[in-house]
Each structure stands twice: as C-alpha cells, then as structure tokens.
Chemist: 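For reference, the structure I am asking about is given below.
Keep in mind the model is a prediction, meaning the values are calculated, not measured.
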Amino acid sequence: MRNYLLSLLVALLAVMGSLPVAAQEAYAVLTPDDGTLTFYYDNQRTTRQDHGRIYDMPKPGLYPAWAGDYYAPQKNIKNVVFDASFSGYHPTSTHWWFKWCINLQYIEGIRNLNTEKTTDMSGMFRDCRALTSLDVSNFNTQSVTDMEDMFYDCKALTSLDVSSFNTQNVTNMSYMFSECEALTSLDLSNFNTQNVTNMRAMFSGCEALISLDVSNFNTQNVGIMLDMFYNCKALTSLNVSNFNTQNV
C-alpha cells in the first residue's frame with residue numbers, strides 16, 4: 001500500500017511538473033478605491049481580476065489606455081506604484097504614459113522602471129499638474145531620441161533633477177519644460193545637444209526660472225528655436241553667445 005501511494009505521489013508530481021506555467025507579462029492595475037495605478041511584470045494577472053481595472057502595456061507609439069487627453073482628462077489616478085517585479089520589463093517607449101493625469105500626486109518605486117531600452121519619452125509626464133515632486137535621477141536615457149513635451153505643463157513642480165540625463169541621441173527637445181511655471185532652476189550642464197534639431201518652446205512659460213545656464217548647448221544642428229525662452233519673465237540674464245544658429 002505504501003509503495004502504491006508513493007508511486008501515485010510521484011506520478012502526480014510528474015503531471016504537475018509538466019503543466020504549462022503562465023508566462024510573465026507587463027500590465028497595470030487601477031484600484032478605484034484609492035486611485036492607485038500599479039505596474040507589474042509577472043504571471044499573476046489572473047489573480048488580480050477582482051482588484052480593479054487591468055490595462056495592457058501600449059505598443060510603441062500608441063496611446064496608453066490609462067492616460068487622458070485634453071477632452072477627457074484622467075482624474076481617477078492619484079498615485080502610481082511600480083512594483084519590484086516591473087524592473088524585469090524593458091519598455092521601448094514611455095510615450096504619453098501619464099499624459100493628462102491631472103490628479104496624479106505621487107509616484108512610488110520609479111526606480112523599478114527600467115528605461116535602458118527606451119527610445120521615446122515624449123509627453124511622458126505631460127499635464128501632470130498636481131505633481132509637486134518627481135525623481136527621474138535614475139532614468140537611463142542613453143537610447144532616447146525623443147523628449148518632446150516630456151514635462152510639459154507640470155505646473156506644480158518646484159524642482160527637477162535631470163543632471164544625470166544622457167541626451168547624446170536626442171533629436172527633439174521641443175516643449176520639453178514648457179509651462180513648468182514653478183521651476184526656479186534647471187541644471188542642464190550635462191546635456192549633450194549635438195544631435196538636437198528642434199528646441200521649439202523648450203523653456204516657454206517657465207515664469208519662475210531665475211537662472212538658466214545653456215552656455216554648453218551645441219546647437220549646430222538645430223533648425224527650430226521658435227519661442228524657446230518665451231515668457232521666462234524672471235530671468236535677468238541669459239548667455240547664448242555660443243549658440244550656432246546657422247541652420248535656424
């Protein structure tokens with residue numbers, strides 16, 4: 001009898017071992033009770049069906065379903081959490097990820113967002129008007145080519161550390177900090193702008209900027225500078241003596 005039970009157990013374990021294991025996938029869950037959008041990369045999606053609305057990751061270049069727009073702002077998302085599991089996911093695009101999330105106040109675990117393969121960050125935080133702080137110091141931007149509108153209209157941000165950004169491959173910085181009206185300073189000393197062709201309205205509407213050092217900017221390939229410093233009403237000095245405007 002003992003041998004029979006042992007054989008049965010072995011057979012059962014063998015069957016269980018041969019069952020397919022659900023593949024890991026990236027997705028986001030919005031919990032309506034507290035307005036938290038949590039990003040996961042695991043095989044537990046089916047266990048979260050009853051916890052809130054589940055979103056697939058958008059394909060590169062497409063609009064994420066959880067974000068909002070001008071006509072229908074996203075008002076339900078108040079907090080964003082990147083679960084530790086999400087560090088295993090490598091998005092190639094974060095285009096418009098939090099666009100028009102006008103009530104988003106806090107982002108937790110952003111270090112679990114692995115951006116080493118990301119090429120498009122355009123509009124990523126556009127119109128996040130309630131964000132008062134944002135830690136992007138851990139972003140790997142070595143592959144990014146597009147930063148258009150990245151922080152556009154982040155009206156409540158009083159500080160922003162982009163000093164670690166590697167911008168050697170970026171071609172578009174138009175409207176990047178536009179309408180960040182509470183920012184008082186920006187450290188752009190490490191910005192490599194050798195491949196940038198568009199700087200349109202890059203700092204327009206930055207009404208509180210009291211200092212801005214762009215003396216290291218390489219503008220040899222820039223063709224558009226329209227409204228670049230428009231309405232930067234607190235600036236008392238600006239050194240653009242090294243700007244190469246031959247292609248503007």
Chemist: For a quick test of reading the model, state the closest non-hydrogen atom pair linking N114 to P91 and the distance between them.
Modeler: O-CD, 3.3 Å
Chemist: Is a side-chain N or O of T197 found less than 3.5 angstrom from the main chain of T171, in a donor-acceptor match?
Modeler: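 Checking the backbone N and O of T171 against the side chain of T197, a donor-acceptor pair under 3.5 Å is found.
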Chemist: Measuring from L113:CG to N140:CG, what's the distance to the nearest 0.5 Å?
Modeler: 10.5 Å
Chemist: For the atom pair CD (Q24) and OG (S85), what is the distance rounded to the nearest 0.5 Å?
Modeler: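 Going from the CD atom of Q24 to the OG atom of S85 covers 8.0 Å.
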Chemist: Which value, rounded to the nearest 0.5 Å, describes the distance between T219 atom OG1 and M225 atom CE?
Modeler: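 Rounded to the nearest 0.5 Å, the OG1-CE separation comes out at 4.0 Å.
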Chemist: How far apart are the closest heavy atoms of Q74 and N76, and which atoms are they?
Modeler: OE1-N, 2.8 Å
Chemist: Using the rule that two of Ile, Leu, Val, Met, Phe, Trp, Tyr join whenever any of their side-chain heavy atoms come within less than 4.5 Å, decide whether V248 and L226 are in one cluster.
Modeler: no
Chemist: What I'd like to find out is whether the side chain of F151 reaches to under 4.5 Å of the side chain of L134, using heavy atoms alone.
Modeler: yes
Chemist: Do W100 and D69 have side-chain N/O donor and acceptor atoms under 3.5 Å apart?
Modeler: no
Chemist: What heavy-atom pair brings V80 and F82 nearest, and what distance separates the two atoms?
Modeler: CG1-CE1, 3.8 Å
Chemist: May I ask you to decide if the ring planes of W66 and Y55 are parallel, tilted or perpendicular, using 30° and 60° as cut-offs?
Modeler: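 Aromatic pair W66/Y55 classed perpendicular.
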Chemist: Determine, step by step, whether D153 and Y175 satisfy the side chain to side chain donor-acceptor pair (under 3.5 Å) criterion, reporting the C-alpha distance in whole Å, the side-chain angles of both residues, the deciding distance to 0.1 Å, and the verdict.
Modeler: CA-CA 9 Å; D153 205 26; Y175 296 94; over 6 Å; no
Chemist: Does either side chain, that of S122 or that of D120, offer a donor lying less than 3.5 Å from an acceptor on the other one?
Modeler: yes
Chemist: Can you classify the ring geometry of F177 versus F203 as parallel (below 30°), tilted (30 to 60°) or perpendicular (above 60°)?
Modeler: parallel
Chemist: Between Q44 and T46, is there a donor-acceptor pair closer than 3.5 Å when you use the side chain of the first and the backbone of the second?
Modeler: no
Chemist: Indicate whether the side chain of E148 and that of N172 have a donor and an acceptor atom separated by less than 3.5 Å.
Modeler: yes
Chemist: Closer than 3.5 angstrom, by distance alone: can the side chain of T119 be matched with the main-chain N or O of T92 as a donor-acceptor pair?
Modeler: yes
Chemist: Are I224 and M176 co-members of a hydrophobic cluster defined by side-chain heavy atoms under 4.5 Å apart?
Modeler: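 No; I224 is not reachable from M176 via cluster members.
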Chemist: Examine the side chains of D127 and Y70 and answer whether a donor and an acceptor come within less than 3.5 Å of each other.
Modeler: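 On atom types as modelled, these side chains do not qualify, holding no pair under 3.5 Å.
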Chemist: So, taking the atom named OG in S87 and the one named CG in N112, what distance separates them when rounded to the nearest 0.5 Å?
Modeler: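 Between S87 OG and N112 CG, I get 5.0 Å after rounding to 0.5 Å.
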Chemist: For S204 and S178, which I'm curious about, is there any donor-acceptor pair between the side chains at under 3.5 Å?
Modeler: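 Note: S204 and S178 side chains meet the donor-acceptor criterion.
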Chemist: Can you find a heavy atom in the side chain of V162 that is under 4.5 Å from one in the side chain of L188?
Modeler: yes
Chemist: Do any N or O atoms from the side chain of N195 and from the backbone of Q168 form a donor-acceptor pair under 3.5 angstrom?
Modeler: yes
Chemist: Quick check: closest heavy atoms across C128 and L104, and the distance to 0.1 Å?
Modeler: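 C128 and L104 have their closest heavy atoms at SG-CD2, 4.2 Å.
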Chemist: With ring centroids as reference points, do F86 and Y41 lie under 6.0 angstrom apart?
Modeler: no
Chemist: Is the cationic atom of R48 (NZ for Lys, CZ for Arg) positioned less than 6.0 Å from the six-membered ring centroid of Y40 and within 45 degrees of its normal?
Modeler: yes
Chemist: Under 3.5 Å, side chain of D149 to main-chain N/O of R126, donor-acceptor pair present?
Modeler: no
Chemist: For S137, does its backbone N or O pair with a side-chain atom of S164 as donor and acceptor, under 3.5 Å?
Modeler: yes
Chemist: If you look only at pairs with a residue in residues 185-207, which of them pass as a salt bridge (charged side-chain N to carboxylate O under 4.0 Å, His left out), with sequence neighbours excluded?
Modeler: none
Chemist: Could you tell me which non-hydrogen atom of Q220 sits nearest to which non-hydrogen atom of Q246, and how far apart they are?
Modeler: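 Result for this residue pair: O-NE2, 4.0 Å.
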Chemist: Do you know which two heavy atoms are closest between P73 and I102, and how far apart they sit?
Modeler: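 Here P73 and I102 meet closest at CB-CD1, 3.8 Å.
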Chemist: Got a sec, which residues hit ring-ring contact (aromatic ring centres under 6.0 Å, His included) with W96, two or more places apart in sequence or on another chain?
Modeler: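 Once residues adjacent in sequence are excluded, the partners of W96 under the ring-ring contact (aromatic ring centres under 6.0 Å, His included) criterion are Y63.
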Chemist: Around atom OH of Y230, are there more than 12 heavy atoms from other residues, nucleotides or ligands closer than 6.0 Å?
Modeler: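 At most 12 heavy atoms, drawn from other residues, nucleotides or ligands, come within 6.0 Å of this atom.
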Chemist: Closer than 4.0 angstrom, basic N to acidic O: yes or no for R45 and D56?
Modeler: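 D56 and R45: salt-bridged.
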Chemist: Do I210 and T236 touch side chain to side chain, with heavy atoms closer than 4.5 Å?
Modeler: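 SC-SC contact between I210 and T236 ruled out.
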Chemist: What distance do N221 atom CG and N198 atom CG have between them, rounded to the nearest 0.5 Å?
Modeler: 12.5 Å
Chemist: Do H90 and E116 have side chains that get closer than 4.5 Å, going by heavy atoms?
Modeler: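 Yes, close enough: below the 4.5 Å cut-off.
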Chemist: Go through the steps to decide whether W97 and F39 satisfy the test ring-ring contact (aromatic ring centres under 6.0 Å, His included), and finish with yes or no.
Modeler: CA-CA 12 Å; W97 267 28; F39 289 83; 5.5 Å; yes
Chemist: Would you say L209 ends up clustered with F229 if hydrophobic residues are merged whenever their side chains have heavy atoms under 4.5 Å apart, either directly or through other cluster members?
Modeler: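 F229 and L209: one cluster.
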Chemist: Please check: side-chain N/O of S143 versus main-chain N/O of K117, any donor-acceptor pairing under 3.5 Å?
Modeler: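 Not at all, since once roles are kept as given, no pair shorter than 3.5 Å links the two residues.
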